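In what follows, a single structure is set out as structure tokens and then discussed.
Proteins get letters first, then strands, A, B, ... in listed order; numbering begins at 1 in each. Nothing here was measured: the structure is a model prediction, and the numbers come from that model.
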Amino acid sequence: MNQKTMTFLLFGSFLFLTANSRASSDVSLAEVDFDHSVENIKSGAQVAMDVCRLCHEFKYIKYRNLLEIGFNKDEVDVLRGDMPLNTSILSTTKPEIASKLFGMMPPDLSLMAKARRGGARYIYTLLTSYSMDAEEHVDNKLFPGIKMPDPFAYAIRTDDVRQKELDQRIENVSVFLQWTSDPKAKERRRTGYYVIAYLIVLTFLFYLLKRKVWRTLK
Amino acid sequence: MSKLLNWVDARFPLSEFVKQDLTGYPTPRNLSYWWNFGFLAGFVLVLQVVSGLFLAMHYKPDASLAFESIEHIMREVNYGWLIRYIHSTGASAFFAVIFIHMARTLYYGSYRAPRELMWWTGQGLLLLLMATAFFGYLLPWGQMSYWGAQVITNLFRATPFFGDEIVIWLRGGFSIGDATLTRFFVLHYFFPFLIIGLVLIHLVALHTVKSSNPSGINLAAKDNIPFHPYFTAKDLYGLGVFLIVFCFFVFFSPEFFIEADNNIPANPLKTPAHIVPEWYFLPFYAILRSIPDLLGGVVAMGLSVVIFAAMPFLDRSHIPGGARYRPVYRILFYIFVLDFAVLTYVGAVPPSGSLVVIGQVATFIYFALFALLPFISKAEEKWLCKRGLPAEVEELLKSKSSPDKFNCPL
Amino acid sequence: MSDEDSKDPKESGRRHFLETVTGVVAGAGVCGAAWPFISSMNPTTDVLAKSTSEVELGDIAVGETKTVDWQGKPVFILHRTPEQISEVRNDQSAQTKDPEQDEKRVQKPQWLVVVGLCTHLGCVPLRKDKGWLCPCHGSFYDDSGRVLRGPAPKNLILPPYEFLSDNKILIGKVEEQS
Ligand code: FES
């Protein structure tokens, strides 16, 4: 084995071990192929405003941010009532009442996707993990003993049609929460393509220059 | 223009400096790409200072505002997300570059005479970098930030006699709190000044002893070439490659180096289920955990970082050249790198049965390598002298112009 | 550039070309990379979103002024009496520095809306007699916000505003959000 392969192997194993230790996780999340289109984010937002917002806050999302995902001014005006556009989206139930109801403050949702390993997949799995046992007791397989009551009544779903519709709704909510946790993702990736393309050109030029300069040696 | 230059030169050796230390600095022509990492470390330092400066214009070092101010940067500040991700990814890049830079030095024996001061200032830089990174990690005021700082400051409890007092003094309170956050911010801002100062000393030392090279033998003057344009071109090419990798992380996987739990605001009443330090502290953290005693663990961890400084004394071989011409040393080097990787892995996962043992074995190997080096290197020297040095080395040494001399002690 | 090494003129010409191209591309990149940092010092999106203010006019009695906040700056709203109006409209002679018709400075004659920052160096003028006196270097503005004397070069600035109803105005441009 020559020196180059040795180095390569060692640094490779180093990277592998490091990366692996990060990826390891004991829960298995649903494999969903999310469609992060603006339409899905928007319909997810509508569900979130009707359901999640009853108890949860979206502290880092302001009403005006909804304009970025396809809401028009009138729709936002209905949601915000007489709150200014530039205020955070808060829950419709008073926090004190909510925390009395559940024994804790329902956590803020705007960063939730980023605060859990798996992001949108975690949220989707969580919301679809409610089930009912023989004693008609509802619990969550991913998060046993969760304080949040089954928000979409997933445990008591009946027919297939309803299940499909429910899955779609939950998928949209997950996509929406992914957006609220990282609203700049699209812009970031778009910028990234240009930056990487530019850097490849620049590096190629540097490479040519280096070769040309070093050729004068010897 | 030249008139102005003459005016300055009469008062300050500008042209001379540029010629001697920048453009004309004599550099060994056989440097490989492993020698790019010193320049890269300097680049990342500048990147961190600049991005940090702009972040500090929006960040609020106050326990009730810190977390929100980060979200404000990410969402409301123009390009705040970019600057923050550059800074958070830059921290990881800094350690990656420094680790490779150190590995190169170890492999090629660049720490040996006359470059001991380079190695020791480098060791100082590593410590400063670690401290700066540790201070900085508290600033986002997330769960990992909080509990990481809590655990690490608690290590000082191991101090004899004044343990508890010192911990309270460090935190400015009975637990991590607003006072801790504010002082960590100040220190995170201040330490880079020390780093820059030490980097200058590192560079002055470099320009006195000149760069080492893959052969490990100082080359004759004719084999040195001016830094510019040869190494400016080579460094820039390396920089381009580095930036491609760096920007990939910044734009496409920026949260790779951020624990999910750190997106939850600090909660002093609830520890996350599994706390891990940043990846660059993992090997040392694993050593800490491998020793089932607070004081012992702290001492071992501290030793595992500063023991590098002893390398010039531990390596007693006089055979010129680095691992390239020293087969035994080379094997030790590879074992060390592998051991470091294993420790990284062990540090990242929750401690459990077999992993604890693996961690302890790896810790043992880590220190054993350093402890045995003096004997092994001496024995290797004898063995190599008996066998005869590689032809390449003989040739380099024989060439009249090489300043290095070596005679087998037999 | 030290080109002593390359003897071939054609070769050195090619290298020179490559150097120029690389320099230009790299320079453009440096400028591009500087932009996000420069831009980060501009007002943030939440500050921009706050750039309008709604003001009730109902509680300002005739002859009274009210100071309201707009983008962090004071805005004077003066509910002018008929006498005040006729005064600033009839006697235009004193006004020499930055001549302007009062009619051009108000949307409704009884309401004067001006930014309350002296156009000299930005102090907030105080209400005095028939106008405002700047405490810093003594510029004096009349009831139309026009500078009469002192070092101020210009009349008080008019903010953009519109009447939402008879008793309510919106100061600042309503931003087009799409
Ligand atoms: S600032 Fe008002 S007169 Fe100078």
Side-chain angles (χ1 to χ4, degrees), chain A residues 38 42 58-77 79-80 82-89 110 180 182-184 186-218, chain C residues 1-40 43-56 68-72 164 168 170-178:
Chain A
V38 181
K42 187 186 170 189
F58 295 83
K59 210 154 91 197
Y60 302 116
I61 294 295
K62 295 175 172 162
Y63 287 105
R64 68 179 153 79
N65 293 129
L66 295 177
L67 297 169
E68 295 158 25
I69 49 169
F71 280 82
N72 62 35
K73 193 102 183 359
D74 295 333
E75 288 168 322
V76 175
D77 283 344
L79 282 172
R80 73 187 173 115
D82 48 8
M83 303 295 276
L85 264 181
N86 195 32
T87 35
S88 304
I89 301 181
S110 33
T180 61
D182 190 8
K184 305 282 186 194
K186 225 177 225 162
E187 180 189 353
R188 192 177 66 234
R189 263 178 241 126
R190 204 183 43 229
T191 318
Y193 290 124
Y194 289 117
V195 170
I196 300 270
Y198 163 81
L199 283 174
I200 288 173
V201 172
L202 182 69
T203 306
F204 184 64
L205 282 172
F206 280 151
Y207 169 71
L208 290 181
L209 190 64
K210 190 254 163 190
R211 226 179 44 169
K212 188 136 266 176
V213 167
W214 279 72
R215 198 178 282 157
T216 57
L217 269 183
K218 278 169 240 174
Chain C
M1 305 283 135
S2 72
D3 273 28
E4 301 99 34
D5 312 282
S6 48
K7 312 238 154 49
D8 182 0
K10 210 160 143 204
E11 176 64 22
S12 93
R14 248 186 258 145
R15 177 167 141 196
H16 190 74
F17 173 72
L18 188 58
E19 273 166 359
T20 316
V21 172
T22 315
V24 169
V25 174
V30 170
C31 295
W35 172 245
F37 291 93
I38 296 167
S39 163
S40 77
T44 57
T45 46
D46 55 338
V47 168
L48 290 179
K50 260 183 287 196
S51 54
T52 57
S53 305
E54 269 181 24
V55 185
E56 285 291 342
V68 297
D69 172 281
W70 172 62
Q71 293 182 340
L164 296 177
K168 200 173 189 181
L170 179 76
I171 309 177
K173 277 206 191 70
V174 189
E175 55 177 319
E176 328 61 61
Q177 265 169 333
S178 55

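Taken to the nearest 0.5 Å, the CG atom of Asn86(A) stands 9.0 Å off from the OG1 atom of Thr52(C). Within the model, atoms CG of Leu18(C) and CG of Leu208(A) stand 5.5 Å from one another, a figure rounded to the nearest 0.5 Å. Going from atom CG of Leu48(C) over to atom CZ of Arg64(A) covers 8.5 Å, rounded to the nearest 0.5 Å.
Under the ring-ring contact (aromatic ring centres under 6.0 Å, His included) criterion, Tyr63(A) pairs with no residue at all, not counting sequence neighbours.
No more than 12 heavy-atom neighbours from other residues, nucleotides or ligands sit within 6.0 angstrom of OH on Tyr207(A).
Among all heavy-atom pairs drawn from Tyr198(A) and Ala28(C), the shortest one is OH-C, 4.5 Å.
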